[in-house]
Amino acid sequence: MASSQCCDNPPALNPAGGSGKVVDSFGGLKAYIAGSEDSKAAVVLVADVFGFEAPNLRKIADKVALSGYFVVVPDFFHGDPYAPDNAGKSRPEWLKLHAPEKGFEDAKPVIAALKEKGAAAIGAAGYCWGAKVVVDLAKAHEIQAAVLLHPSFITVDDIKEVKCPISVLGAEIDHRSPPELVKQFEQVLSANSGVAHFVKIFPGVSHGWSVRYSHDDAAAVKSAEEALGDMIDWFNKNLK
C-alpha cells in the first residue's frame with residue numbers, strides 16, 4: 001500500500017447500510033448478504049481496505065442481487081477496516097495484520113458455505129485489496145468467474161495461473177495497476193486460449209473509482225455504473 005491512491009476518498013462507513021442484512025456468521029465471517037438465498041448463482045464481493053460497511057459497496061451488492069444472484073460481502077477484516085485517521089496503526093502495520101493471503105484463506109469457507117446452500121456457480125469480484133483475494137481464488141479453482149476492479153498486489157505471474165473466466169477493469173490514472181500493467185495482463189490472457197477474458201481501461205478515472213465515488217459527481221457516478229454493468233454482464237455470461 002505504498003500508493004496513497006489506495007486510501008483516497010475514504011467512505012463514511014455505515015453498519016446499517018444497504019437493503020440486505022448483516023449476519024453474524026457466513027462461512028465463519030460476519031457478512032452483508034443480499035438477494036435470494038435459493039439462487040443457484042452466487043457472487044462474493046471482496047472489499048477494498050475500507051471493508052464491508054462501505055455504503056457504495058453495499059449498493060453494488062444490492063444491484064448485483066437484483067440481477068438474480070445471492071450476494072455475500074464478508075468482513076475479511078474482522079471488524080478492523082483500515083482507518084486513515086488512526087495514527088496508532090500505519091498502513092504497513094495494518095496490512096501485516098490483514099494480508100490478502102489471509103483473506104484468500106478466509107474466503108474458502110465462504111465458498112464452501114455457498115455450495116452447501118446449493119449454489120451451482122459462484123463468482124467473485126474484488127476491489128483494490130480484494131482483487132488479490134479474488135485472483136487467488138481464480139488460481140485455485142475455487143470460483144467459476146472473476147472480476148478485478150482497479151487491482152492491487154497482482155502480478156503477471158498471478159494472471160498466468162488463472163483457471164476461470166476473468167475480467168479486469170482498470171483505471172487510466174492508477175499507480176497500483178497502471179494501464180501498462182493491465183495491458184500486460186491482457187496479453188497473458190490472450191495467449192491462454194483456455195481462459196475467457198475481458199479487459200478494459202476506463203478513461204479519466206483514478207484507482208478506486210468504481211467503489212469510492214461521490215454521488216454528487218455525475219461523471220464519477222456514470223463511470224462507476226459502467227463498471228458495475230460490465231461486472232454484471234460478465235457474471236451473466238459465465239455463471240448463468
Side-chain angles (χ1 to χ4, degrees), residues 1-20 22 29-34 44-64 71-103 106-107 124-135 147-154 169-178 202 204-228 231:
M1 281 168 45
S3 167
S4 66
Q5 280 189 316
C6 283
C7 306
D8 288 347
N9 307 315
L13 302 183
N14 180 6
S19 57
V22 174
L29 296 177
K30 191 172 185 179
Y32 176 79
I33 61 174
V44 180
L45 296 183
V46 189
D48 61 15
V49 296
F50 296 107
F52 86 130
E53 293 181 354
N56 284 351
L57 183 62
R58 292 198 175 178
K59 287 175 182 172
I60 289 167
D62 294 342
K63 289 178 180 178
V64 175
V71 183
V72 182
V73 191
D75 176 15
F76 287 107
F77 305 138
H78 303 272
D80 182 37
Y82 177 66
D85 55 356
N86 182 358
K89 189 182 291 180
S90 68
R91 283 181 292 171
E93 288 170 332
W94 181 88
L95 194 60
K96 282 181 183 177
L97 297 172
H98 303 292
E101 292 77 13
K102 184 175 185 298
D106 284 346
Y127 299 82
C128 311
W129 179 98
K132 173 61 174 171
V133 175
V134 171
V135 85
V147 180
L148 315 180
L149 300 103
H150 36 88
S152 293
F153 310 115
I154 293 175
L169 305 180
E172 181 184 21
I173 308 158
D174 193 336
H175 305 317
R176 298 297 306 175
S177 291
F202 283 68
V205 297
S206 301
H207 182 89
W209 97 92
S210 71
V211 71
R212 299 200 304 269
Y213 57 90
S214 167
H215 290 270
D216 297 328
D217 184 335
V221 170
K222 183 180 178 183
S223 292
E225 288 181 345
E226 185 178 337
L228 174 60
M231 180 173 79

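Along the sequence shown, residues are numbered consecutively beginning with 1. Keep in mind that the numbers below use all heavy atoms, side chains included, and drop hydrogens, waters and symmetry copies. The model shown is predicted, which means the values in this text are computed figures rather than measured ones.
Of all heavy-atom pairs spanning Pro15 and Glu53, the tightest one is CB-OE2, 3.5 Å. Between Ser152 and His207, the shortest heavy-atom contact is OG-CE1, 3.4 Å. For Ala34 against Asp62, the heavy-atom pair with the smallest separation is CB-OD1, 3.7 Å. Closest heavy-atom contact between His98 and Phe77: CE1-O, 3.4 Å. For Cys128 against Gly208, the heavy-atom pair with the smallest separation is SG-CA, 4.4 Å. For the residue pair Ala125 and Leu149, the shortest heavy atom distance occurs at CB-CD1, 4.2 Å.
Phe202 and Trp209 have tilted rings, their planes meeting at an angle from 30° to 60° on a 0 to 90° scale. The aromatic rings of Tyr82 and Phe50 lie tilted to each other, with the angle between the two planes from 30° to 60°.
For the atom pair CG (Leu57) and CG (Asn14), the distance works out to 12.5 Å, reported to the nearest 0.5 Å. Between Arg212 atom CZ and His150 atom NE2 the span is 7.0 Å, to the nearest 0.5 Å. Separation of atoms CE (Met231) and OG (Ser210) is listed at 8.0 Å; rounding is to 0.5 Å. Taken from CG in Leu228 to OG in Ser223, the straight-line distance is 12.5 Å, to the nearest 0.5 Å. For the atom pair CZ (Arg58) and CZ (Phe52), the distance works out to 5.0 Å, reported to the nearest 0.5 Å. With values rounded to the nearest 0.5 angstrom, Lys96 atom NZ is found 8.0 Å from Ser90 atom OG.
Judged purely by atom type and a 3.5 angstrom limit, Trp94 has no side-chain atom pairing as donor or acceptor with the backbone of Pro84. Under a 3.5 Å cut-off, the side chain of Asn56 and the backbone N or O of Tyr213 do form a donor-acceptor pair. At least one donor-acceptor pair under 3.5 Å links the side chain of Ser177 to the backbone N or O of Pro151.
Glu101 is listed as a side-chain neighbour of Lys132, based on a closest heavy-atom distance under 4.5 Å.
Partner Leu148 forms a side-chain contact (heavy atoms from CB on, under 4.5 Å) with one of Val46, Val133, Val134 and no other, that one being Val134.
Enclosure of atom NZ in Lys89 by more than 12 non-hydrogen atoms of other residues, nucleotides or ligands within 6.0 angstrom is indicated.
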